[in-house]
**Q** 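Here it is, the structure in full.
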Amino acid sequence: MSIYDTLNEQQKKGVFTTEGPVLLLAGAGSGKTRVMVHRIAYLIEEMGVNPFNILAITFTNKAAGEMRSRVDKLIGFGSEQIWVSTFHSMCVKILRRFADKIGYDTNFVIYDTDDSKAIVKEIFKKLQLDSLHIKEGAVRGIISRAKDELISVEQFEKDAAYDYKERKIAEIYREYQTTLKKNNAMDFDDLICNTVKLFKEHPQVLANYQERFQYIHVDEYQDTNTAQFELVRLLADKNRNLCVVGDDDQSIYKFRGANIRNILGFEETYPNATVIKLEENYRSTQNILDAANAVIHNNVRRKDKSLWTRKDGGNPIHFRQFDSADEEAEFIAYDVKSKARELGLPYSDFAVLYRTNAQSNLLEKACKRAGVPTKIVGGISFFSRKEIKDVLAYLKTIDNGKDDLAVKRIINIPKRGIGATTILKAQVAADEEGISFYDVLKKARSIPSLAKSADKIEKFTDLIEYFRHRLENYTVIDLMDEILAKTGYIQILEEDGDEDALDRINNIKELEADILAFYEKNEEATLSDYLADAALFTDLDKLDDEDVPKLLLMTLHAAKGLEFPNVYIAGMEDGIFPSSQARSSESRDELEEERRLCYVGMTRAMNDLTLTYAKYRLLYGGYGGEYRAVSSFIREIPNELLDNKPQVRRTRDFDDYGDDNVFASSFKPKAIARAKQTERMPQMAKEVKALNQISGLAKGSDMNLGDLDYTVGDRVRHIKFGDGTVTKIDREPRDYKVTVDFDTAGTRIMYAIFSKLKKI
DNA sequence: CACAGGTCTCTTTTT
DNA sequence: GAGACCTGTG
């Protein structure tokens with residue numbers, strides 16, 4: 001009996017077809033990782049391939065680690081020789097060796113989204129582009145897409161020749177690339193396209209890697225963009241032993257440049273490709289699968305396939321409707337709690353998925369109240385926290401004096417009396433002299449415009465120079481300790497006495513632990529290596545090292561590639577999921593991508609799937625409250641699979657409330673929505689009235705402003721905050737504003753009509 | 001030049 | 001409801 005006997009026929013075919021191009025169309029839960037792992041084991045054990053000659057590209061660092069350890073378990077040795085990594089970290093590794101060939105220092109820094117935002121902002125200022133009616137974010141998107149498509153600045157300029165706006169964008173693109181290069185920095189997109197550039201301009205470098213990578217595997221192939229496709233094509237061009245694994249139904253990164261043609265057109269690129277379909281699902285019950293299949297079948301652009309499972313029947317899909325997002329969150333928290341207890345399952349067997357990060361807040365709070373421990377995956381990543389960025393900016397400045405952005409970040413942290421004006425003057429001087437920002441600082445005394453602040457500036461540069469000398473003999477961790485000591489960073493946080501100062505200090509400690517762990521694992525690594533690792537880290541990578549089993553909260557995107565016995569998808573509302581932009585978009589592409597996202601979410605569930613809907617949800621801080629219809633995706637699930645039929649209330653039905661009705665607001669152009677906000681009070685009256693009618697929050701059709709059944713001094717109960725004493729009631733035109741001193745939740749001010757306070 | 005306080009914008013999704 | 005941005009004051 002060999003390790004391959006446990007595979008089904010299709011899986012075996014995937015494992016044994018080692019030569020030539022292979023397209024593995026692997027449906028959700030069909031064991032594609034298993035096939036990859038066995039394939040690699042087979043190559044090593046049966047084909048005598050040196051692990052050194054195998055490359056596997058995965059989507060996340062976590063997936064890479066998992067693949068490595070599973071191969072290790074399977075064959076019992078030597079997996080560390082296999083090159084397993086993400087596209088980005090693979091490119092970093094290559095560029096660290098050869099970046100000098102394309103005009104960068106090999107200790108280049110990696111700019112994250114925030115960094116690149118800051119650069120674009122500077123360029124807008126510098127080029128005085130306020131008059132250009134285009135937003136910075138949009139320009140960043142255009143530049144990023146261009147890079148994904150391997151469109152160089154020169155090409156972009158050519159294409160833009162006759163369009164004023166496009167020409168302006170080309171100008172920004174050029175300036176952006178110039179700035180990055182000056183700073184010896186690459187953004188995420190550069191990592192890929194610069195590697196492609198390197199390979200194209202230096203065939204001997206490419207040949208070197210082609211020689212090495214005799215067997216290439218790409219996971220989640222449906223999410224590759226054009227640049228990544230080209231990179232893979234180049235690498236595989238010599239041996240052509242390329243195995244790509246993916247599922248067009250799970251392509252959810254089009255917004256990031258993923259090109260679905262890469263997978264749909266694989267057979268055209270490689271006409272002799274072996275195509276293998278994995279259609280047996282080992283994860284989910286029949287009911288879950290039927291529901292997911294029903295949804296995805298509404299997409300037109302897809303390779304037809306249908307998943308099947310041996311797990312007959314199973315629980316129906318639970319569907320729950322709530323009046324408000326608060327109640328939805330409350331339900332989920334308690335439902336998880338009771339199911340975990342009933343079934344004797346750890347909380348880590350449950351996950352709650354949602355469309356936008358903003359939804360995590362309510363859920364987290366509700367879980368806290370219910371005593372369910374949670375872990376939020378994603379959101380604000382550890383490395384984008386202020387204090388972490390500050391400390392890293394010090395390290396970056398010490399490591400690479402060309403990184404102007406890092407220098408500017410810390411030049412006045414802690415306060416050195418160097419403000420915006422001085423920074424601007426220094427930048428002007430740097431541009432004039434054609435040297436880096438930091439180099440200007442070093443000669444500040446000889447520059448007239450900076451003479452006044454020269455003392456302060458010198459103190460700063462002396463400090464950096466001091467650290468730089470230290471770097472020669474110090475470990476990074478010692479260096480960091482000294483930075484914290486000399487700058488007094490932690491003391492300042494402590495003195496500040498900010499509420500979250502303690503959190504920040506703990507984060508810095510966690511950073512130290514991370515650095516320590518990194519150098520333990522990679523003894524030879526340089527400071528640049530660590531900084532690159534930090535830049536490419538995602539929260540997802542850390543999922544496993546949790547001591548207490550916790551309920552996981554994450555976006556649907558973050559859930560890709562994971563599976564859980566019990567899954568909740570919250571916020572099944574039109575305008576949330578599918579998102580309003582996808583709904584209103586002209587093309588059906590965006591809606592199809594949302595639908596794929598829904599499919600991905602549903603197929604994460606093994607045994608039990610719960611979908612929830614909240615009629616009313618506050619979006620940004622209270623002013624984005626809107627009533628929404630049940631998600632169209634719910635209506636795509638056959639009723640017999642649901643334990644609760646949606647009370648089908650199409651958006652249209654809401655028109656009963658007048659043509660200026662609140663339900664339509666999410667579907668109207670932004671300008672109108674904004675105009676409405678300014679005249680919100682009359683609008684609010686309508687909302688309240690409508691709310692009364694729909695949810696029965698107040699008795700009767702009037703607003704009943706006269707009859708609150710509690711008054712100042714009374715004890716009241718709130719569904720969320722518990723018991724408290726009313727300390728104040730203010731009459732407002734539309735409602736009462738009630739101030740309550742809660743026993744445990746502190747003092748809160750709330751509108752009577754929404755708060756549902758009960759006298760006790 | 002720093003800082004406090006007010007105003008406006010933003011929300012998909014992420015390597 | 002946060003975070004970026006602007007403005008006035010000392």
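Just so we're on the same page: letters track the sequence lines, and every chain starts at 1.
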**Q** Whether A/R617 engages the ring of A/Y627 as a cation-pi pair (distance to the six-membered ring centre under 6.0 angstrom, angle to the ring normal within 45°) should be assessed.
**A** no
**Q** Nearest to the side chain of A/T555, heavy atoms from C-beta on, is which of B/dC1, B/dT15, B/dT13?
**A**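 Minimum distance to the A/T555 side chain belongs to B/dT13.
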**Q** Give one of base, sugar-phosphate or nothing for A/G137, where a contact means two heavy atoms less than 4.0 Å apart.
**A**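 Contact class for A/G137: none.
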**Q** Expressed as a whole number of angstroms, how long is the span from A/K117:NZ to B/dT14:P?
**A** 13 Å
**Q** Measuring from the side chain of A/N357 (C-beta onward, heavy atoms only), which nucleotide among C/dG1, C/dA4, B/dT13 has the closest atom?
**A**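 Given the options C/dG1, C/dA4, B/dT13, the side chain of A/N357 is closest to B/dT13.
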**Q** Send over the distance from A/Q228 CD to B/dT14 P, rounded to a whole Å.
**A**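 Spelled out: CD on A/Q228 to P on B/dT14 is 16 Å.
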**Q** Using whole Å, what does the distance between atom C1' of nucleotide B/dT13 and atom CZ of A/F255 come to?
**A**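 That distance rounds to 4 Å.
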**Q** How long is the line joining CZ of A/F537 and P of B/dT15, in whole Å?
**A** 10 Å
**Q** Counting the atoms with a prime plus P, OP1 and OP2 as sugar-phosphate, which does A/E590 contact under 4.0 Å by heavy atoms, base, sugar-phosphate, or nothing?
**A**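 A/E590: base contact, heavy atoms under 4.0 Å.
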**Q** Please report the distance, rounded to the nearest Å, between NZ in A/K121 and P in C/dG3.
**A** 14 Å
**Q** Just by distance, with hydrogens left out, do A/D247 and A/Y221 show a side-chain donor and acceptor under 3.5 Å apart?
**A**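 Distance-only check fails for A/D247 and A/Y221.
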**Q** If you check the A/K415 side chain, which of B/dT15, B/dC3, B/dT14 turns out closest?
**A** B/dC3
**Q** Can a side chain N or O of A/T60 be found less than 4.0 Å away from OP1 or OP2 on B/dT15?
**A**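 No, no such contact exists.
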**Q** Among B/dC1, B/dT13, B/dT11, which is the nearest nucleotide to the side chain of A/T421?
**A**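 When the side chain of A/T421 is considered, B/dC1 is the closest of B/dC1, B/dT13, B/dT11.
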**Q** Verify the distance criterion only: is there a donor paired with an acceptor across the side chains of A/Y104 and A/N184 at less than 3.5 Å?
**A**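 Side-chain D/A pair, A/Y104 to A/N184: absent.
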**Q** Please give, in whole Å, the distance from B/dT14 C1' to A/D223 CG?
**A** 11 Å
**Q** Between A/Q581 and A/N412, just flag the one whose closest nucleotide in DNA chain B comes earlier from the 5' side.
**A**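 The residue mapped nearer the 5' terminus is A/N412.
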**Q** Want to settle it: does A/R416 or A/T113 sit nearer the 5' end of DNA chain B, counting the closest nucleotide to each?
**A**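 Looking at DNA chain B, the more 5' nearest nucleotide goes with A/R416.
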**Q** Rounded to the Å, how far apart are A/L353 CG and B/dT13 P?
**A** 14 Å
**Q** Of the candidate nucleotides B/dT15, B/dT13, B/dC1, which contains the atom at the shortest distance from the side chain of A/T356?
**A**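 My answer, after comparing the listed nucleotides, is B/dT13.
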**Q** Between A/T226 and A/E149, do the side chains contain an N or O donor and an N or O acceptor separated by less than 3.5 Å?
**A** yes
**Q** Output yes if the stacking criterion (under 5.5 Å between centres, under 30° between planes) is met for A/F87 over the base of B/dT15, else no.
**A**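 Here A/F87 fails the 5.5 Å or the 30° condition.
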**Q** Send over the distance from A/R140 CZ to B/dT13 C1', rounded to a whole Å.
**A** 14 Å
**Q** Decide whether A/N262 and A/T224 meet the rule of one side-chain donor and one side-chain acceptor closer than 3.5 Å.
**A** yes
